There are 2 protein chains.
Amino acid sequence: MSANEPVSILSLAILGLVAQKPMSGYDLRKVFTTTPMGHYSNSPGAIYPALRRLERQGLVESIVERPHELRPRQVFAITEAGRKSLVAVLREPVTRGEGALRLDRLLLRFAFMDAYLERAEIVAFLEQLAEEVDDYVKYLRQVESELPGTPESCGRLALEHGIEGIQATARWARRAIKRIENKEP
Amino acid sequence: MSANEPVSILSLAILGLVAQKPMSGYDLRKVFTTTPMGHYSNSPGAIYPALRRLERQGLVESIVERPHELRPRQVFAITEAGRKSLVAVLREPVTRGEGALRLDRLLLRFAFMDAYLERAEIVAFLEQLAEEVDDYVKYLRQVESELPGTPESCGRLALEHGIEGIQATARWARRAIKRIENKEP
DNA sequence: CGATACATGTAACCGGTTACATGATTTT
DNA sequence: AAAATCATGTAACCGGTTACATGTATCG
């Protein structure tokens, strides 16, 4: 729909956060520095420009508190367009862009879902994710089988690490489905 | 030692690859596009500049094949300084830079180790890794315990995904240690 | 009241992505 | 010989990191 979607994963994280409640750049920075969300970068030189971009796209709007003082405080809130755009991102199908499953982006989307999507949609997302992950495991096993080197070679072991990590993801997704489905409405 | 170290993770991947055998930019691109190494970006606009940087740093050197033709082929090989620098990177201690364990970089380093490091060093690396990962799990559990929301809330589930993923890493590391130690010399 | 920590940003640099360009080789 | 594909790159743009700047509250 709208061509105005948050482009980077950090923008998406910010959009999801200000959707929960309006925040200043500093508030956001605190979230990123004090929680594992910091995985998506916690530097002010990333956050403030991202907020400007989101504002330019009309996805967030800001009100300036204490406008007459020298150090004003700018609080950003999501707009209706922003909410629409966020939901659209949450609803994107689960695919491998360029052969690599961008798990961090997918998980970030998932983390914001329960505020906006029906339970059935969330479950469908997890089912797609589990399928894609299974496919990816198959591909990695294929690669492994063609790999030269002994079973103790570091390259092979590193690949096995990758395989086991995403197998853990598949198990998690299926368990999450059950947890969500068994929850009383 | 040398202040000339490969800066980005992609540079490190390239350095490790040309250390195995000399390759052209195109050869490298093929590796990145056809294997899971593509995780570290497979775009020519990243690879060629990275090669230039490595060359400027003296970590790789190139010979131009078919120099008189219009489309020459430039093959890059690691230098002695490059090999030293690579080994220095492989020997870096396992730490959390800015609170986030950069697993992808650590695993990339690991993948290149067996050509250059003693078995004992590799095992020590894995032990450090397992410890750091255990610490990180503790931190994440702490975060989880302070998280509001029901056990089925998406945010909590996403965090659990992270926890389980790095627990899988810890198990992998300990299993890899055993595999390497039990290998006959 | 001076020092320290908290709050709120800006600017320069740099690495990566996307899109484009162009020469050689193979296929039809 | 034209079309398609392989091989080898370049350029513009853009997002992120690092380092710096400056204002406000707090604490000794």
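Chain identifiers are assigned alphabetically (A, B, ...) following the order of the sequence lines, protein sequences preceding nucleic acid strands; residue numbering begins at 1 within each chain. Small disclaimer: the values here were computed from a predicted structure and weren't measured.
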task: List in chain and number order the residues that pass side chain to side chain donor-acceptor pair (under 3.5 Å) with B:E121, two or more places apart in sequence or in another chain; answer none if no residue qualifies.
output: B:R91
Please tabulate the protein-to-nucleotide N/O contacts below 3.5 Å involving nucleotides 12-14 of chain C, giving atom names and distances.
none

task: Mind listing the residues from residues 12-31 of chain B sitting with a heavy atom below 4.0 Å of DNA chain C? Number order is fine.
output: none
message: Nearest to the B:R52 side chain among D:dG16, D:dA19, D:dG9, which nucleotide is it?
response: D:dG9
- request: State whether B:R73 places a side-chain N or O below 4.0 Å from either non-bridging phosphate oxygen (OP1 or OP2) of D:dT8.
  value: yes
message: Whether B:E160 and A:R179 form a salt bridge (side-chain N of Lys/Arg under 4.0 Å from carboxylate O of Asp/Glu) is what I want to check.
response: yes
- line: Residues passing the side chain to side chain donor-acceptor pair (under 3.5 Å) test with A:E164, sequence neighbours excluded, are B:R175
- line: Contacts of A:S8 meeting side chain to side chain donor-acceptor pair (under 3.5 Å) (sequence neighbours excluded), chain-then-number -> A:S11
- request: Output all residues satisfying side chain to side chain donor-acceptor pair (under 3.5 Å) with B:R105, sequence neighbours left out; order by chain, then residue number.
  value: B:E92
- prompt: CD1 of B:I63 versus C1' of D:dT8: gap in Å, rounded?
  reply: 16 Å
field: Results of salt bridge (charged side-chain N to carboxylate O under 4.0 Å, His left out) for B:D104 - residues two or more places apart only
entry: none
- line: The complete set of salt bridge (charged side-chain N to carboxylate O under 4.0 Å, His left out) pairs with one or both residues in residues 14-42 of chain B, sequence neighbours excluded, reads B:D27-B:R73
message: Heavy atoms from C-beta onward define the side chain here; which of D:dT18, C:dG16, D:dT8 lies closest to that of B:Y48?
response: D:dT8
- line: Taken to the nearest whole Å, OH/A:Y40 to C1'/D:dG15 is 17 Å
message: Tell me every residue that passes side chain to side chain contact (heavy atoms under 4.5 Å, CB included) with B:T150, counting only those two or more places apart in sequence or in another chain.
response: B:E152, B:S153
task: Have a look at B:S8 and say if it touches a base, only the backbone sugar-phosphate, or nothing, with a 4.0 Å heavy-atom cut-off.
output: sugar-phosphate
